[in-house]
Amino acid sequence: YKSQRKKLQEICRYVYQHLNKIEKITISEKYPVFFLDDEDIADFLANKKILITSFRYPTSTKKMNRIVLNANHTKEDLEYLCKILISYYT
C-alpha cells in the first residue's frame, strides 16, 4: 500500500508540473483527479485512445469531464497524456 501511495503521489506531482498552467484544466498537485472545462475534450481524447469520465449532471447544461490518475499508470502513459493535452490547449 505504501509503495503504491508514494507512486501515486509522484504521478500527481508529475502531471501537475506539466498541466497546471493550462487555464481550462483544474488540477491539484496532491489529488489524483483533475477536471477539464471543454465540451469537446472527451471525443478528442477518445480519438487518441484516452478514455475519461464525461457526463452531465441532470441539473447541469455543462459536461463534467475528469481524468483519474492511478498508481498503475506508466511514465509513458503520463507523457502521452500530457503531450496530447498540451498540444490541444496550446
Side-chain angles (χ1 to χ4, degrees):
Y1 171 80
K2 286 181 183 180
S3 66
Q4 289 293 87
R5 186 167 190 258
K6 183 178 181 207
K7 184 177 178 190
L8 181 58
Q9 289 171 334
E10 291 168 3
I11 284 170
C12 289
R13 263 192 304 278
Y14 177 87
V15 173
Y16 176 82
Q17 289 170 352
H18 286 82
L19 302 179
N20 75 69
K21 301 267 192 257
I22 300 173
E23 284 184 30
K24 295 262 185 182
I25 296 177
T26 303
I27 188 169
S28 169
E29 188 174 2
K30 297 180 181 184
Y31 188 61
V33 178
F34 61 97
F35 302 89
L36 304 112
D37 183 16
D38 189 306
E39 289 288 313
D40 301 318
I41 193 69
D43 291 333
F44 173 80
L45 292 175
N47 287 329
K48 302 288 185 185
K49 308 288 188 225
I50 299 172
L51 298 177
I52 68 169
T53 304
S54 180
F55 62 92
R56 289 188 206 292
Y57 281 110
T59 58
S60 177
T61 59
K62 202 170 185 186
K63 278 186 186 175
M64 163 75 73
N65 296 303
R66 67 181 173 212
I67 294 178
V68 180
L69 304 171
N70 69 61
N72 294 317
H73 284 115
T74 65
K75 177 130 180 162
E76 292 79 21
D77 294 335
L78 303 173
E79 288 172 350
Y80 180 66
L81 174 64
C82 290
K83 178 182 141 190
I84 294 298
L85 288 173
I86 289 167
S87 70
Y88 181 81
Y89 284 115
T90 57

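Because the structure is predicted, anything quoted here is derived from the model rather than measured.
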Query raised in the report: Atom CZ of R13 and atom CG of N20: how far apart are they, to the nearest 0.5 Å?
Result: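 So the CZ of R13 and the CG of N20 are separated by 13.5 Å.
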**Report entry** Within 6.0 angstrom of Y31 OH, more than 12 heavy atoms from elsewhere
**Finding:**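 Atom OH in Y31 is not crowded, with 12 or fewer foreign heavy atoms closer than 6.0 Å.
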Hydrophobic cluster membership, [X] vs [Y], 4.5 Å side-chain cutoff:
X: M64; Y: I50; value: no
X: F35; Y: Y88; value: no
X: V68; Y: I41; value: no

What heavy-atom pair brings [X] and [Y] nearest, and what distance separates the two atoms?
X: K7; Y: A71; answer: NZ-O, 2.8 Å
X: K48; Y: Y80; answer: O-OH, 2.8 Å
X: R66; Y: V33; answer: CD-CG1, 4.0 Å

Query raised in the report: With a 4.5 Å heavy-atom cut-off, do L8 and H73 have their side chains touching?
Result: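 Not in contact.
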Requested in this report: Sort out for me which residue in L85, N65, D40, L51 forms a side chain to side chain contact (heavy atoms under 4.5 Å, CB included) with L45.
Outcome: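 Exactly one option meets the side chain to side chain contact (heavy atoms under 4.5 Å, CB included) with L45, and it is L85.
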Query raised in the report: Can you name the one residue among I84, L19, D38 that meets side chain to side chain contact (heavy atoms under 4.5 Å, CB included) with Y89?
Result: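 Filter result, single survivor: D38.
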Short side-chain to backbone donor-acceptor contact, [X] and [Y], under 3.5 Å:
X: S60; Y: R56; answer: no
X: H18; Y: V15; answer: no
X: E29; Y: C12; answer: no

Query raised in the report: Are E10 and K75 ion-paired here, with the side-chain N under 4.0 Å from a carboxylate O?
Result: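 Between K75 and E10 there is no salt bridge, as every charged N stays at least 4.0 Å from the carboxylate O atoms.
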Query raised in the report: Y16 and Y14: ring-ring contact (aromatic ring centres under 6.0 Å, His included), yes or no, with the steps?
Result: CA-CA 5 Å; Y16 176 82; Y14 177 87; over 10 Å; no
Report task. Decide yes or no on side chain to side chain contact (heavy atoms under 4.5 Å, CB included) for F34 and I25, but give the supporting numbers first. Result -> CA-CA 7 Å; F34 61 97; I25 296 177; 3.6 Å; yes
Query raised in the report: Run the side chain to side chain contact (heavy atoms under 4.5 Å, CB included) check on K63 and F55 step by step: do they pass?
Result: CA-CA 5 Å; K63 278 186 186 175; F55 62 92; over 6 Å; no
Query raised in the report: In chain order, what residues pass the side chain to side chain donor-acceptor pair (under 3.5 Å) check against D37, with sequence neighbours excluded?
Result: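 In terms of side chain to side chain donor-acceptor pair (under 3.5 Å), with neighbours along the sequence ignored, D37 is linked to K62.
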Report task. Could you walk me through whether L69 and L78 pass side chain to side chain contact (heavy atoms under 4.5 Å, CB included), step by step? Result -> CA-CA 9 Å; L69 304 171; L78 303 173; 4.2 Å; yes
